[in-house]
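Convention: sequence-line order gives letters A, B, ...; per-chain numbering from 1.
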2 protein chains.
Amino acid sequence: MKENKTTGEILRENREKKGLLLRHVSAKLDIDTAILSKIERSERKATKEQILKLAEILDLDKDNLLIQYLSEKILYEIKDEELGSKALKVAEQKMKYISRKSK
Amino acid sequence: MKENKTTGEILRENREKKGLLLRHVSAKLDIDTAILSKIERSERKATKEQILKLAEILDLDKDNLLIQYLSEKILYEIKDEELGSKALKVAEQKMKYISRKSK
DNA sequence: ATATATTTGACATTACTTGTCAAGTGTAAT
DNA sequence: ATTACACTTGACAAGTAATGTCAAATATAT
């Protein structure tokens, strides 16, 4: 069992589980099949709007899928950075500070 | 004493501490003063190259400044997201997973 | 072999980023 | 109060990256 699936893998698995074709899903998203194909193979990023629509189409939990998607966007931002991991920790600290302040 | 300074605030404080004008620093960066002014007031983001040069010009620790800068970029990515904090945590988990695998 | 599903890559369009420039504001000294 | 200087603001230009289409290539299944 794979512990760490990409958003694309999740989308493909669930599309296939429902017996849907790229054609069917991409029509609902109003994009070419080529893009959906690339999204499922992590060759392209989806937009937030597409993620939300996909959650509906595939009956997935919106929040989970969005968290999955956002975490990938974050990692994309620091993927080539040696200091990425430290930057992530600092970002979390700042996040806490911000939410503490806004109470 | 302020606990959580922005990159811009750090840059401005240290430029002033050294008695440098926007004009002096922006010339070394080869950009207009307008941009540096905006960077210091967090109205624009610097590029990574500019951050590294600024660290040199202002005698700041490169790694620290870069971590500061990257953490802001991360937060920028999720600033409007309700689920941002959860996404950050998931990103950290994935980060750990990736580095564990590559050992 | 045909038909259908998916993938690939070249290209167009659009939206962001990064920058310049000129005019504006603030402040201090004469 | 006018000159001088540092900085700020906003309109715009140029470059880059994101998002999409399309047609041809490649599986896959009958």
Checklist entry - Are A/E13 and A/K5 ion-paired here, with the side-chain N under 4.0 Å from a carboxylate O? => result yes
Item to check | Presence of B/Q50 side-chain N/O under 4.0 Å of C/dG19 phosphate oxygens OP1/OP2 | outcome: yes
Checklist outcome for this item: Whole-Å distance, A/E49 CD to D/dA18 C1', equals 13 Å
Enumerate the protein-to-nucleotides 25-30 of chain D contacts in which both atoms are nitrogen or oxygen and the separation is below 3.5 Å.
none

Item to check | Electrostatic pair A/K48:B/E81 at N-O distance under 4.0 angstrom | outcome: yes
Item to check | B/K79 NZ/CZ over B/Y76 ring centroid, <6.0 Å and within 45° of normal | outcome: yes
Next on the checklist: With rounding to the nearest 0.5 angstrom, report the NZ to CD1 distance, B/K86 to B/I78.
Outcome noted: 13.0 Å
Checklist entry - Whole Å only: how far is the CD atom of B/E77 from the P atom of C/dT17? => result 9 Å
Please write out each protein N/O paired with an N/O of nucleotides 5-10 of chain D under 3.5 Å, distance rounded to 0.1 Å.
{"unit_1": "D/dA6", "atom_1": "OP1", "unit_2": "B/R23", "atom_2": "NH2", "d": "2.5"}
{"unit_1": "D/dA6", "atom_1": "OP2", "unit_2": "B/R23", "atom_2": "NE", "d": "3.3"}
{"unit_1": "D/dA6", "atom_1": "OP2", "unit_2": "B/R23", "atom_2": "NH2", "d": "2.8"}
{"unit_1": "D/dC7", "atom_1": "OP1", "unit_2": "B/R15", "atom_2": "NH1", "d": "3.1"}
{"unit_1": "D/dC7", "atom_1": "OP2", "unit_2": "B/L22", "atom_2": "N", "d": "2.8"}
{"unit_1": "D/dT8", "atom_1": "OP1", "unit_2": "B/R12", "atom_2": "NH1", "d": "2.7"}
{"unit_1": "D/dT8", "atom_1": "OP2", "unit_2": "B/R12", "atom_2": "NH2", "d": "2.6"}
{"unit_1": "D/dT8", "atom_1": "OP2", "unit_2": "B/S37", "atom_2": "OG", "d": "2.5"}
{"unit_1": "D/dT8", "atom_1": "O5'", "unit_2": "B/S37", "atom_2": "OG", "d": "3.4"}
{"unit_1": "D/dT9", "atom_1": "OP2", "unit_2": "B/R41", "atom_2": "NH1", "d": "2.4"}
{"unit_1": "D/dG10", "atom_1": "N7", "unit_2": "B/K38", "atom_2": "NZ", "d": "3.2"}
{"unit_1": "D/dG10", "atom_1": "O6", "unit_2": "B/K38", "atom_2": "NZ", "d": "3.3"}

Checklist entry - So does B/K28 pair up with B/E56, basic N to acidic O under 4.0 Å? => result no
Checklist entry - Are A/L22 and A/R12 close enough that some pair of their side-chain heavy atoms sits under 4.5 Å apart? => result yes
Next on the checklist: Rounded to whole Å, please give me the gap between CD1 in A/I39 and P in C/dT8.
Outcome noted: 15 Å
Checklist outcome for this item: Minimal heavy-atom distance between A/A87 and B/S71, with the atoms involved, is O-CB, 3.4 Å
Next on the checklist: Without decimals, in angstroms, what is the distance between A/K45 NZ and C/dA15 C1'?
Outcome noted: 13 Å
Checklist entry - Under 4.0 Å between a Lys/Arg side-chain N and an Asp/Glu carboxylate O for B/K18 and B/D59? => result yes
Checklist entry - Atom CG of A/D30 to atom C1' of D/dC22: distance rounded to whole Å? => result 15 Å
Item to check | Rounded distance in Å - CD1 (A/I31) to C1' (C/dT7) | outcome: 14 Å
